[in-house]
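One-based numbering, in listed order, for ligands and for the atoms of each. Just so we're clear, the structure is a prediction, and the values are computed from it rather than from any experiment.
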Amino acid sequence: MDPRAERIYTAADYVKSQLGDLRPKVGIVLGSGLGKLAESIGNPITIPYRTIPGFPVSTAIGHKGNFIVGELGGKTVIAMQGRIHYYEGYPMELVTLPIRVMKVIGIEYLFVSNAAGGVNFDYHVGDLMIIKDHINQLPNPLIGPNLDDFGPRFPDMTRPYDLKLIAKAEEIGARLGISLHKGVYYGGTGPTYETPSEYKYIRTIGGDATGMSTIPEVIVARHSDIPVFGMSVITNEAHDDYSEDYENNGDDVVKAADAAADRMCAIFTELIKSL
Ligand code: HPA
């Protein structure tokens with residue numbers, strides 16, 4: 001067997017062995033500062049990444065390293081409290097391993113979240129953005145021999161984010177009085193934040209928000225035809241004017257994400273209820 005597939009199935013077997021009768025329908029990836037959502041999960045089972053054979057461990061700030069399995073919005077969910085980033089030095093195979101594992105254990109939907117810099121001038125700290133599309137500037141995780149068990153060599157990317165879920169999320173936002181932008185997520189490797197000229201470039205090519213994650217996970221989910229819903233929390237506003245009194249700081253990003261986590265949690269929970 002392909003050693004990558006072997007690693008996936010070995011990890012998935014272990015996770016399954018911890019689930020008892022639970023059959024998670026929705027996988028959730030919690031971004032920087034958004035791990036709080038895991039606290040809303042009822043009757044939780046915690047599976048630390050370090051106990052899973054072959055699993056990487058997240059080293060990023062604002063990221064714990066656990067799967068939390070339990071109930072949210074009346075459904076069984078498996079949430080990643082902390083994700084793995086490419087900038088941590090892990091290869092894409094490991095960055096996306098948790099998504100492959102969730103696919104093997106049978107998730108039917110993937111919800112992703114992240115903290116992102118607002119590049120669109122209308123976006124402000126604390127705003128939420130539904131991800132309608134992305135621009136990938138990270139290495140593509142599907143490079144290499146195709147894992148035929150998981151999906152085709154050349155996956156379609158016409159609708160990376162599920163249009164029905166987006167429409168439902170917009171309805172939920174309107175009903176709950178939570179305002180939502182809808183925009184394009186640009187993903188780079190990090191770990192540096194962007195220079196002023198890079199922020200300007202991202203805006204020019206059609207990005208509304210920028211971050212260092214999410215897209216590899218979405219590509220791997222779409223490879224296996226799993227419908228994806230994604231949301232960014234805007235944690236800082238792109239400064240492209242060389243202002244002297246501003247700098248980007250990871251701690252501020254986590255604080256801003258934390259402040260918006262309740263609203264994001266409400267949208268995710270209501271959306272999961274509707275599935
Ligand atoms: N750039 C890249 N990644 C980020 C940012 C940003 O401005 N804010 C939070 N994650």
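- Not one N or O on the side chain of Y186 forms a donor-acceptor pair closer than 3.5 Å with the backbone of I205.
- Dense packing is recorded around NZ of K168, with more than 12 heavy atoms of other residues, nucleotides or ligands lying under 6.0 Å away.
- Comparing N236, T210, I202, N114 against atom 8 (N) of ligand 1, the shortest heavy-atom distance belongs to N236.
- Protein heavy atom nearest atom 3 (N) of ligand 1, with residue, atom name and distance: G211 CA, 3.3 Å.
- At the top of the distance list for atom 5 (C) of ligand 1, counting protein heavy atoms only, stands G117 N, 3.3 Å.
- Counting only N and O atoms by type, the side chains of Q81 and N66 include a donor and acceptor under 3.5 Å apart.
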message = Using the rule given for side chain to side chain donor-acceptor pair (under 3.5 Å), can you reason through D127 versus H181, listing the C-alpha separation, both sets of side-chain angles and the distance that settles it, and then say yes or no?
response = CA-CA 8 Å; D127 287 359; H181 299 293; 2.8 Å; yes
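- Under a 4.0 Å criterion applied to the non-hydrogen atoms of M212, ligand 1 contributes the atoms 2 (C), 3 (N).
- For E237 (side chain) and V125 (main-chain N/O), a donor-acceptor pair under 3.5 Å exists by modelled atom type.
- Within ligand 1, the atoms closer than 4.0 Å to a non-hydrogen atom of T235 are 8 (N), 9 (C), numbered from 1 in the order shown.
- Near E194, with a cut-off below 4.0 Å to any heavy atom, the atoms of ligand 1 are 1 (N), 2 (C), 6 (C), 7 (O).
- Close contacts between ligand 1 and Y199 involve ligand atoms 1 (N), 6 (C), 7 (O) [criterion: under 4.0 Å to a heavy atom].
- Considering all non-hydrogen atoms of both residues, I272 and K75 come closest at O-NZ, 3.3 Å.
- In this structure, G190 does not count as a contact residue of ligand 1, since none of its heavy atoms falls inside 4.0 Å of the ligand.
- Nearest non-hydrogen protein atom to atom 10 (N) of ligand 1 is A115 O, 3.4 Å.
- Counting heavy atoms from C-beta on, the side chains of K103 and V220 never come closer than 4.5 Å.
- Contacts between A238 and ligand 1 below 4.0 angstrom, taking non-hydrogen atoms only, are absent altogether.
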